[in-house]
Amino acid sequence: MNIKIRLALASMLGGMLVACGGGGASTSSGENAVTAMTYSISGSVPGTLIEAFCSNGQIYSTQSEHNGTAQHPFTLNLPRNVKCRLVMTTNENDFANRVVTPIRLTKNGAGSIAFTSTGSAVSLGYIDLKTNRSAMRADANQDGVEDSALAVDISLSASDVGVDTAFADPMDVDRDGIIDTYEDDDGDRVPNRHDDDDDGDGIPDLADNDFDSDYDGTGDDEDSDDDNDGHYDGDSTQIGGGNSSVIVPDGGRLLAAQCFQCHGTEGRSVSRIEGLAGEAGEIASEMREMKYSTNLNDIMHHQAKGYTESEIDAIAAYFANKYGGVAGGGHDGDDD
Amino acid sequence: MNPTTRRQFLKSLGLATLATGFPAIVTAATTRPHVIVIGGGFAGATAAKYLRHWSTAVDVTLIEANANYNSCILSNLVLNNQMNMSQITFNYNVLAQKYGIRVINDWVNGVDGNNQTVSLRGGTTLAYDRLIIAPGVQFLPVTGLDSNVIPHAWKAGVQTTLLQQQLAAMPNNGKFVMTIPAKPYRCPPGPYERACVVADYLKRNKPGATVTVLDANADIVAERETFNHAFTVTYAGIVNYVPNAVLTAVDSARKIAHTSLGDYTADVLNVIPPQSAGEIIHSTGLANVGGHWAGVNPLSYESTAVANIHVIGDSQGTGQPKAGHIANAEAKVCADAILRLLGGNPPFAAPVTNSACYSPISATTASWLTAAFAYDTVSRTMKIVPESSGEASAPSRQNYQRMFDWANNLFADTFA
């Protein structure tokens, strides 16, 4: 599996891999420990499981403390400089009454479910989570997950605590403030994270292998050649530097820019579609392969047929010039 | 730019007095070309972004009437409650802050192509070296049609919400009737996609309800295999597809569509009116293709009617489809050409554009359609590369996920 896709999918698969149906299982492979590399996020809630889904692929979690009052304090230590998203669950062990509340942090007018800190603690104060389904703010699809993330203001936090202003969040593909693992893809009123069969196709998630990047009939989990270029995956291409000795033919910038609608500005994808930055050595060979292939059930196998050989070389040269690598139309040695 | 218009430009910025006192500023200012973009949809926003992404030596002003943009792409999913408008609403803050584009929320009163100025309703007059106009489409009048009662929902926003509310309030066994205008219109597969998405919603929520598709065209305009299968198999008994039904008038109060094939009474009526280039294209004298669309040179999208004015997106008349993805593609060709022209060089001689679109067929499946267009030196037009054109073999769940991946990169490439 291509590394970039693997990382992007980690957030999506994370829920599947730990889905147990038993409710709110803590999977804090990163322990809730204070170190020089962490900061704390704290507040008080009704009796609650607090989870943070972070862009390093880890899920951090803790339980609030029963302290004899209705407002139980909690503290969760999170890695510095890593984008995380908070989700809070009451009645986490009660399948029928579990209430999941995604948290959206707002600061000085900006808001996001994703946030970071370079070290300063974040204090959320009391968060009014609902503790039974009938009290939920809105749950149209009856999956026990609030339909909108609950806004919590952190404007008084230190300046190094920031809400993420990135345009798209790879953990929230449909941009609704509910991370993908807490969506209910198959409409069975069980969110993916608690669902053993997210897509409702009858195949348990652990055995299911639906996402097939290259449409070759082998799902990515089992496919060692996601892009079907005949070479095993394993991307080690570095992005950066550029290679000014690669001359971009006239029009190379404009031709390459036509890739950006789907692959992201300058080839930096904000979704699960493969990015092109750093892939100069592969672009020409893959485009040629798709140009002459007879697989017609793939957008790129059609699109590649819209470009001449010299246009393909001009596109590859553009990426080599910008990000480095060799655009000779061959393979770049790392077989990605 | 001639000195007179430059002075007007400075005056409009309130800098004229300041500039008089500091001649160095005038010198600096006169060396910087100014490009105005009217319209902040997929075409205009992309053009503004890429002009500045590719060159910091040009000043770019984006004039857009609204502070927010509601994407038509994915908006059919609001109708079956799979999305809400806030998920597909964008603003211009990133374009302003990251790319240094001056964003003005105002209406344009008029364009003076001879003096190269744009006057705004707010009273300001701006001078340009190059002007890009990307107003989208306007809807042509239909006898008896009141779109505040009978929504088109073909410009996303309040219209989309209105249609969604009407569908939600529709009784079981109710009749949803929609009309499709003769091509060309915005988003060729869009009406058929809507018929499928509404059928999916009715199937699950309104037992016995039906969808009647009154198409002015002789056959399904885009993704014929996919939609024909959806209408005759997936939604058999729900969707009734009627070709060659040309809308002649609407009874808005009684929800009746009068067509060349007879009258159709609905519980919810959705009339997508015939379309033409945005009003400003007509008032500026640019609608020289069939009286409806702006003729342009596809190497630069410069108008064939008025020099230094470029038209991209739904209003252009090159024959390329009218849709957000390819509007973004055209905008890049236009921005690249303008930067070359401002530097005294000709546009790139062999541009390629592409169109791609994922269409939801239900709440869990989607299809796709794609094509590449290349410049043909003989006819001097953009021509489809035949082997690049195709559609998905069947709707799938994976395509539904990829639809969001596609849209997220397109949204970001346009607005961020």
Side-chain angles (χ1 to χ4, degrees), chain A residues 8 12 110 140-141 147-148 165-170 172-177 180 185-187 199-201 210-213 215 250-255 257-266 268-273 275 291 296-308 310-311, chain B residues 46 49-50 53-54 74 77 81-84 86-88 90 93-94 325-326 328-329 332-333 335-337 348-354 356 363-364 368-374 384-390 392-394 397-398 401-402 404-416:
Chain A
M12 192 175 71
N141 61 346
D147 290 344
S148 301
T165 54
F167 195 76
D169 187 335
D172 178 20
V173 168
D174 65 356
R175 313 162 45 81
D176 66 350
D180 300 333
D185 283 350
D186 56 358
D199 57 7
D201 65 356
D210 288 332
F211 208 81
D212 178 12
S213 298
Y215 298 88
D250 184 40
R253 175 180 77 177
L254 178 56
L255 290 167
Q258 295 295 328
C259 308
F260 302 166
Q261 287 97 299
C262 293
H263 293 276
T265 302
E266 298 297 353
R268 296 183 182 276
S269 175
V270 299
S271 77
R272 291 172 296 185
I273 290 176
K291 178 177 173 66
L296 295 180
N297 193 26
D298 184 309
I299 285 186
M300 267 314 297
H301 284 248
H302 284 281
Q303 277 298 320
K305 293 171 177 56
Y307 295 84
T308 64
S310 61
E311 286 168 346
Chain B
T46 303
K49 166 178 165 171
Y50 273 84
H53 177 61
W54 283 332
L74 301 186
L77 291 172
N81 298 331
Q82 298 304 302
M83 302 276 287
N84 58 57
S86 67
Q87 288 168 260
I88 47 173
F90 306 102
N93 296 345
V94 178
H325 181 110
I326 197 167
N328 171 301
K332 288 166 181 165
V333 176
D336 185 83
F348 177 54
V352 178
T353 59
N354 62 71
T364 55
W368 52 257
L369 172 69
T370 194
F373 295 80
I384 199 163
V385 181
E387 56 270 34
S388 72
S389 171
S393 60
R397 287 174 177 275
Q398 179 160 302
Q401 295 299 318
R402 285 178 179 278
F404 292 112
D405 291 331
W406 159 73
N408 280 340
N409 273 343
L410 178 60
F411 293 155
D413 191 43
T414 303
F415 297 104

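Hydrogens, waters and symmetry mates are skipped; everything else that's a heavy atom, side chains included, is used. Every chain is numbered from 1, with letters handed out A, B, ... down the list of sequences.
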Check: B/Gln398 main-chain N/O paired with B/Gln401 side-chain donor or acceptor under 3.5 Å: no
Measure from the side-chain N and O atoms of B/Asp405 to the backbone N and O of A/Ser271, and report whether any donor-acceptor pair falls under 3.5 Å. no
Flag the one option from B/Phe404, B/Trp54, B/Phe415 with the top tally of heavy-atom pairs under 4.5 Å to chain A. B/Trp54
Heavy atoms only, distances under 4.5 angstrom: which of A/Leu255, A/Asp176, A/Thr308, A/Asp250 has the most pairs with chain B? Name it, please. A/Asp250
Counting only non-hydrogen atoms closer than 4.5 Å, does B/Phe411 touch chain A with its backbone (N, CA, C, O), its side chain (CB onward), both, or neither? both
Among B/Ala371, B/Ala356, B/Ala374, residue most engaged with chain A (heavy-atom pairs, under 4.5 Å): B/Ala371
Give the member of B/Ala412, B/Gly390, B/Ser388, B/Ser86 that has the highest number of heavy-atom pairs under 4.5 Å with chain A. B/Ser388
Under 4.5 Å from any heavy atom of chain A - which part of B/Ala407: neither
Could you tell me if B/Arg402 sits above the aromatic ring of B/Trp368, with its cationic atom closer than 6.0 Å to the ring centre and no more than 45 degrees from the axis? no
Exercise: identify the closest heavy-atom pair between A/Ser269 and B/Asn409: OG-ND2, 3.0 Å
Which atoms of A/Leu296 come close to chain B, meaning under 4.5 Å heavy atom to heavy atom: side chain ones, backbone ones, both, or neither? backbone
Bottom line for B/Thr414: the part with an atom under 4.5 Å from chain A's heavy atoms is neither
If we define contacts as heavy-atom pairs under 4.5 Å, which of A/Gln303, A/Arg253, A/Lys305 has the most with chain B? A/Arg253
Residue from B/Asn81, B/Val385, B/Thr353, B/Val352 scoring the most non-hydrogen pairs under 4.5 Å with chain A is B/Val352
Rounded to the nearest 0.5 angstrom, the SG-CD1 distance for A/Cys262 and A/Ile273 is 5.5 Å
Side-chain donor or acceptor of A/Gln258 paired with backbone N/O of B/Ala329 under 3.5 Å: yes
Take B/Asp413 and B/Lys332, measure what salt bridge (charged side-chain N to carboxylate O under 4.0 Å, His left out) needs, and give me the verdict at the end. CA-CA 11 Å; B/Asp413 191 43; B/Lys332 288 166 181 165; 2.6 Å; yes
Among B/Val94, B/Leu77, B/Ile88, B/Val333, which residue forms the greatest number of heavy-atom pairs with chain A at distances under 4.5 Å? B/Val333
My understanding is that only residues two or more places apart in sequence, or in another chain, count here; which of them pass side chain to side chain donor-acceptor pair (under 3.5 Å) with A/Asp147? none
